[in-house]
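First the proteins, then the strands, lettered A, B, ... as listed; each starts at 1. Worth knowing before you read on, the calculation uses all heavy atoms, side chains too, and leaves out hydrogens, waters and symmetry mates.
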There are 2 protein chains.
Amino acid sequence: MAIVDRKLREKAEMRSRILESAKALFAEDGFQNVSIRKIAEKIEYSPATIYLYFQDKDAILFALHNEGFRDLFTRQKHQAKIADPVARLRGLLEGYLEFALQEPEYYDLMFMLFTPLPKIIKTAEWRYGRRAYRMLVKTVAECQAKGHMMNTSTDAAALGLWGAVHGIASLLIRQRASMLPADKQADIAREATLMLENHLLPFPADAGLHS
Amino acid sequence: MAIVDRKLREKAEMRSRILESAKALFAEDGFQNVSIRKIAEKIEYSPATIYLYFQDKDAILFALHNEGFRDLFTRQKHQAKIADPVARLRGLLEGYLEFALQEPEYYDLMFMLFTPLPKIIKTAEWRYGRRAYRMLVKTVAECQAKGHMMNTSTDAAALGLWGAVHGIASLLIRQRASMLPADKQADIAREATLMLENHLLPFPADAGLHS
DNA sequence: AAGTCCCTCTGAACAACGTTTACTAATAGA
DNA sequence: TCTATTAGTAAACGTTGTTCAGAGGGACTT
């Protein structure tokens, strides 16, 4: 069965060649401005060939979308090992921000594209996204058990923290923070995240630093 | 000169009829899925007519974009009158969230669309956006003068607060928070915002409530 | 070795898109 | 009444996502 193996391998290779080219083009010109024909030209096949590997243009987007979540989840697995829940939660938030800053194309694809996407998210295997969210909620709950963010429901606390970092990253990526000097934006974003952490998740030593 | 007045009035009416129809269609199907031809059909004119009133499809988007900022800015003017800077800043943040929850179509247009937009933002009259941002920075600075968020630069504090509320709103609007029950999402978002305010901008009476 | 099957790939076509152009019809000012 | 200007349009252009009938060539069976 070596030959069927080879065929499978070739199929997978073609698939990832398409994804690779698509990602590069999306990053350069944006999803809207990349046509199937351009992707086809880049991989040196006819446009129709792409439809043998992906149902439609959205399916390519969704595959990259999933790759991005897998990447993010992999990063989080490292931080998940931190024993102290406060340090762990801080690690998760900072890791999330760094992911957004380092992989803006993925981030853009994952969190800021279209309204039609949710249909796909519900039907398809949205595993990595849900897993990442569960890890966040669990860590938030542990922090609350240690006395942090006591007057807030776990859901609201998780949404607030996630939203805060997500929002900071989004403003930079969608260039809504253009009033800040371009070369300082990343550092200001890190400082902003630190501020939120220091007020919401003070280390014991910081206890007196509030407000 | 009554007749030139009438002509001007008719021109303005046509313009706002196009905008009105476009906004309704965008809200229903999303910007990408609305064609010039569909807008033309809705106003019962030929597609080419639209190009007598707007340079291209993006210009329609930008006009709505500006309308949205004007709306947001009008809301903020009410809150700007609050004397106490802490109460004022809280009012601004909560007003921003309510705007996002009440006018998700505008919000989507204003903050979550495309990368190509920035070109327009820089060249055209982006007045309302900048004005709103200046008001935020000024209020943050006043809060810092009163002892809040002392260990953070004003830029980072402003970005953090704005980003936090923006992020919470974005996750709801782009349906990334679908793990939360749909009918509770708005309230959880409000609770999350309150949590951030209570930790970052405590009223004197809340001073002991942290962490 | 020949014949059959299947599977990958493609050219050509389709409908819909944003936009431009050349034109018509109507109105305003002389 | 004649002319200039304007609002509106039909038709076309090039491009888009997508489909489909068919070509070509390896892989199995005999």
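- Using a 30° and 60° split on the angle between ring planes, A:Tyr106 and A:Phe99 fall in the parallel class, below 30°.
- Other residues, nucleotides and ligands contribute over 12 non-hydrogen atoms within 6.0 Å of the NZ atom of A:Lys57.
- Among the nucleotides D:dG17, C:dT8, C:dG18, the one closest to any side-chain atom of A:Ser35 is D:dG17.
- Dense packing is recorded around CD of B:Glu10, with more than 12 heavy atoms of other residues, nucleotides or ligands lying under 6.0 Å away.
- The 12-atom threshold is not exceeded at NZ of B:Lys184, counting heavy atoms of other residues, nucleotides or ligands nearer than 6.0 Å.
- In this structure, CZ of A:Arg15 is placed 14 Å from P of C:dT8, rounded to the nearest angstrom.
- In this structure, B:Gln32 atom CD and C:dG18 atom P are separated by 10 Å, rounded to whole Å.
- Separating the CD1 atom of A:Ile39 from the P atom of D:dT18 is a distance of 10 Å, rounded to the nearest angstrom.
- Annotation for A:Gln102: atom CD counts as buried by contact number, over 12 foreign heavy atoms lying within 6.0 Å.
- The phosphate of D:dT18 has neither OP1 nor OP2 within less than 4.0 Å of any side-chain N or O from A:Lys57.
- Across B:Gln185, B:Glu98, B:Glu94, a single residue satisfies side-chain hydrogen bond (donor to acceptor under 3.5 Å, both in side chains) together with B:Arg190, and that is B:Glu98.
- Taking the nucleotide of DNA chain C with the nearest heavy atom to each of B:Asp56 and A:Met14, the more 5' of the two is matched to A:Met14.
- Residue A:Leu8 contributes atom CG, which lies 18 Å from atom P of C:dC6 at whole-angstrom precision.
- The stretch residues 40-54 of chain A touches DNA chain C through A:Tyr45, A:Ser46, A:Ala48, A:Thr49, A:Leu52, A:Tyr53, each having a heavy atom under 4.0 angstrom from the strand.
- Between A:Ile36 atom CD1 and C:dA15 atom P there is a gap of 20 Å when expressed in whole angstrom units.
- The distance between atom CZ of A:Arg37 and atom P of D:dT16, rounded to the nearest whole Å, is 6 Å.
- Using a 4.0 Å cut-off, no side-chain N or O of A:Arg6 falls inside it from OP1 or OP2 of C:dC7.
- Between A:Lys11 atom NZ and C:dT8 atom C1' the separation is 8 Å, expressed in whole Å.
- For A:Trp162 and A:Tyr96, the side-chain atoms include at least one donor-acceptor pair closer than 3.5 Å.
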